[in-house]
Amino acid sequence: MKKLNQLLADITAIKVVGNAEVEITSVTNDSREAKPGALFIAVKGVAVDAHKFIPQVVAAGAAAVVCEDLPENLNDTVTYIQVADSTIALAHLASAWYDHPSTKLRLVGVTGTNGKTTTATLLYELTQSLGHKAGLLSTVKNMVDRTKYPAKQTTPDHMSLNRLLHEMVEAGCEYAFMEVSSHACAQHRIDGLQFAGGIFTNLTRDHLDYHKTVEAYIKAKKMFFDGLGADAFALVNADDKVGSVMVQNCKAKHYTYSLRTLADFKAQVIEERLDGTTITLDGQELEVLFTGRFNVYNLASVYGAALLLGFDKSEVLVKISMLKPVSGRFQTMRSPRGYIAVVDYAHTPDALVNVLTAINDVVCGKGQVITVCGCGGDRDHGKRPMMAAEAANRSDQVILTSDNPRSEDPEEILRQMEAGLDDSNRSRVLKITDRREAIKVACRLAKKGDVVLVAGKGHETYQEIKGVKHHFDDREVLADIFNDEK
């Protein structure tokens, strides 16, 4: 338990009505979790305004309520705290409830359109391999040292985020690495956290269903860097034009990484293969188990961040050469018939270009590239024709199929994707709504030396149709197909 006034130390209140020294037994923004002694934060969400649940939580015995609008009828046994923005207050209260865990860790955030998961995960693995306990918050999984927790979203909600950071502190972790999504920035989920550093990977079109414009999307990402302290580092991709925008007016120390220009941390590609790449990092040649220039960018950022955290350069280089790709990120599987299948999470036009460019750079016309891809329902419609066009322009054959249609008609999604095709590539494109059947057809079309790219879902183990999640794993489907080929 904590005194209410302790929790309110970082909050700017407009008005406090009632006893500020009341004992608080729990903190929540979910009215269903309100118990006797709870502090309830009424947040005005996109779909629901939780202010309407204040009478319900008071009836459940809540001791205090944080709100933007004070109720007309105040209960004498409850303390009311009026604030300008409940969401920002929630972030600081969550941190305070869990004893400000981010101040007891060296927390590094990774933001950008593509590469967040790989970069954060590799930093976690690298740090653990160097003998330091670390935590991870990512799209694929959350890790408290070596204990795994499922990930429900890229960046957890305010309370879950601070609870996991607190568990990392309790487990003796020294470092934590987390993906910072644009939604998390816009919704102030990372407010109240103290970061040792921030990494910017790149920025291309994504999440415009939420942010509406690219400018708003950029602004959301920049909020993360605007919040970094003077003692932190900001490491940005010098080859992305938005990189310099991210660190404008940023108080943190600025550093860059690059493949194409002068930078604090420079990487170069020497030779590319489907099972790895020969690269240099700051002039030191090494073999890595990653394919594609986009992955070399990820490794350059990992290398730079590791050195900025104070790790030994020679040890870092050795460990980077031993790192393995993240689940569902350019994950290769070899067919008994001699073709290669690549499973990748690419679900934006730019990510699809990156993966197909990497494949074509290795294949060099010696085999066919067959791409299976779709677009998620209830998301940015504008990228659908772009995805189909990029796939067709960089593949010998394309099969458009379902991703996670969610509440939408999958046939309509495919029609919108098909609109991006022109007469020169339409003849090389099939539409097969059933994803399993689409993958099977792609594999039947493949010959020895070909590459089948199954894009869009990567690590996901479900397909969401009409609001219901059904078990579906691209890698399992491919494994079944390969077993039948033996």
Side-chain angles (χ1 to χ4, degrees), residues 46 84-85 87-92 95 102 107-120 123 137-139 153-158 161 176-258 261 263-265 294 297-298 300-302 304-305 308 348-351 379-380 382-383:
V46 176
D85 191 317
T87 307
I88 295 175
L90 171 60
H92 289 282
S95 178
S102 64
L107 176 63
V108 176
V110 185
T111 197
T113 305
N114 302 312
K116 297 187 298 295
T117 300
T118 294
T119 301
L123 276 167
L137 301 171
S138 80
T139 303
Q153 54 196 141
T154 299
T155 307
D157 64 82
H158 306 75
L161 173 53
F177 305 96
M178 66 177 286
E179 293 185 55
V180 177
S181 68
S182 56
H183 293 73
C185 295
Q187 294 167 9
H188 300 284
R189 284 183 236 158
I190 59 170
D191 285 30
L193 301 185
Q194 179 177 296
F195 287 89
I199 301 170
F200 170 73
T201 59
N202 50 64
L203 192 135
T204 59
R205 180 190 180 109
D206 200 13
H207 301 308
L208 296 197
D209 54 301
Y210 180 84
H211 297 289
K212 308 305 180 187
T213 67
V214 173
E215 291 71 23
Y217 180 43
I218 292 172
K219 183 179 178 181
K221 296 285 189 186
K222 190 177 184 305
M223 288 171 67
F224 169 50
F225 290 94
D226 290 346
L228 294 178
D231 293 335
F233 67 80
L235 176 61
V236 302
N237 181 352
D239 295 340
D240 190 297
K241 62 183 179 181
V242 181
S244 59
V245 175
M246 289 292 126
V247 291
Q248 287 175 359
N249 305 315
C250 171
K251 296 187 290 291
K253 298 169 187 173
H254 305 174
Y255 299 89
T256 57
Y257 64 95
S258 169
T261 188
D264 296 295
F265 306 102
F294 65 98
Y297 275 106
N298 295 333
S301 68
V302 169
L308 291 172
T348 66
D350 185 67
R379 299 292 185 269
D380 180 12
K383 72 180 181 183

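The closest donor-acceptor contact from the side chain of Lys219 to the backbone of Glu215 lies at 3.5 Å or more, if one exists at all. The backbone N or O of Leu90 lies less than 3.5 Å from no partner atom in the side chain of His92, so there is not a single donor-acceptor pair. Formation of a donor-acceptor pair under 3.5 Å by the Glu179 side chain with backbone atoms of Ala120 is not found in this model. Proximity of a side-chain donor or acceptor of Asp264 to a complementary backbone N or O of Thr256 within less than 3.5 Å is detected. Looking at Asn202, its side chain does come within 3.5 Å of a backbone N or O of Asn114 through a donor-acceptor pair.
Note: Asp240 CG to Asn237 CG = 5.5 Å, rounded to the nearest 0.5 Å. For the atom pair Lys251 NZ and Leu228 CG, the distance stands at 8.0 Å (nearest 0.5 Å). Atom OG of Ser181 sits about 5.0 Å away from atom CZ of Arg189, to the nearest 0.5 Å. In this structure, His158 NE2 and His188 NE2 are separated by 8.0 Å, a value rounded to the nearest 0.5 Å.
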Carefully, step by step, assess Val245 and Ile218 under the rule side-chain contact (heavy atoms from CB on, under 4.5 Å).
CA-CA 9 Å; Val245 175; Ile218 292 172; 4.3 Å; yes
Just do the side-chain contact (heavy atoms from CB on, under 4.5 Å) check on Thr155 and Met178 with the steps written out, would you?
CA-CA 8 Å; Thr155 307; Met178 66 177 286; 3.6 Å; yes
Please test Lys221 against Val242 for side-chain contact (heavy atoms from CB on, under 4.5 Å), starting from the C-alpha separation and ending with a verdict.
CA-CA 10 Å; Lys221 296 285 189 186; Val242 181; over 6 Å; no
Trace of the side-chain contact (heavy atoms from CB on, under 4.5 Å) decision for Thr111 with Phe225:
CA-CA 9 Å; Thr111 197; Phe225 290 94; 3.5 Å; yes
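Phe177 is not listed as a side-chain neighbour of Val110, based on a closest heavy-atom distance of 4.5 Å or more. Residues Val236 and Ser244 have side chains not in contact (no heavy-atom distance under 4.5 Å, counting atoms from C-beta outward). Counting heavy atoms from C-beta on, the side chains of Leu308 and Phe265 come closer than 4.5 Å. In this structure the side chain of Thr201 never reaches within 4.5 angstrom of the side chain of Thr118, judged on heavy atoms. With a 4.5 Å cut-off on side-chain heavy atoms, Cys185 and Ile190 count as touching.
In this structure, a donor-acceptor pair under 3.5 Å is present between the side chains of Tyr297 and Asp239. No side-chain donor from either of Thr87 and Gln187 sits under 3.5 Å from a side-chain acceptor of the other.
Within a 6.0 Å sphere centred on CG of Asp231, heavy atoms belonging to other residues, nucleotides or ligands number 12 at most.
The nearest pair of heavy atoms linking Thr113 to Lys116 is O-NZ, 3.3 Å. Residues Tyr217 and Thr204 share a closest heavy-atom pair of CE2-O, 3.1 Å. In this structure, Thr119 and Ile199 approach most closely via the heavy-atom pair CG2-CD1, 4.1 Å. Nearest heavy-atom pair across Ser182 and Ala220 is O-CB, 3.8 Å. Heavy-atom minimum distance, Asn298 versus Gly115: OD1-CA, 3.7 Å. The nearest pair of heavy atoms linking Phe233 to Ala252 is C-CB, 4.0 Å.
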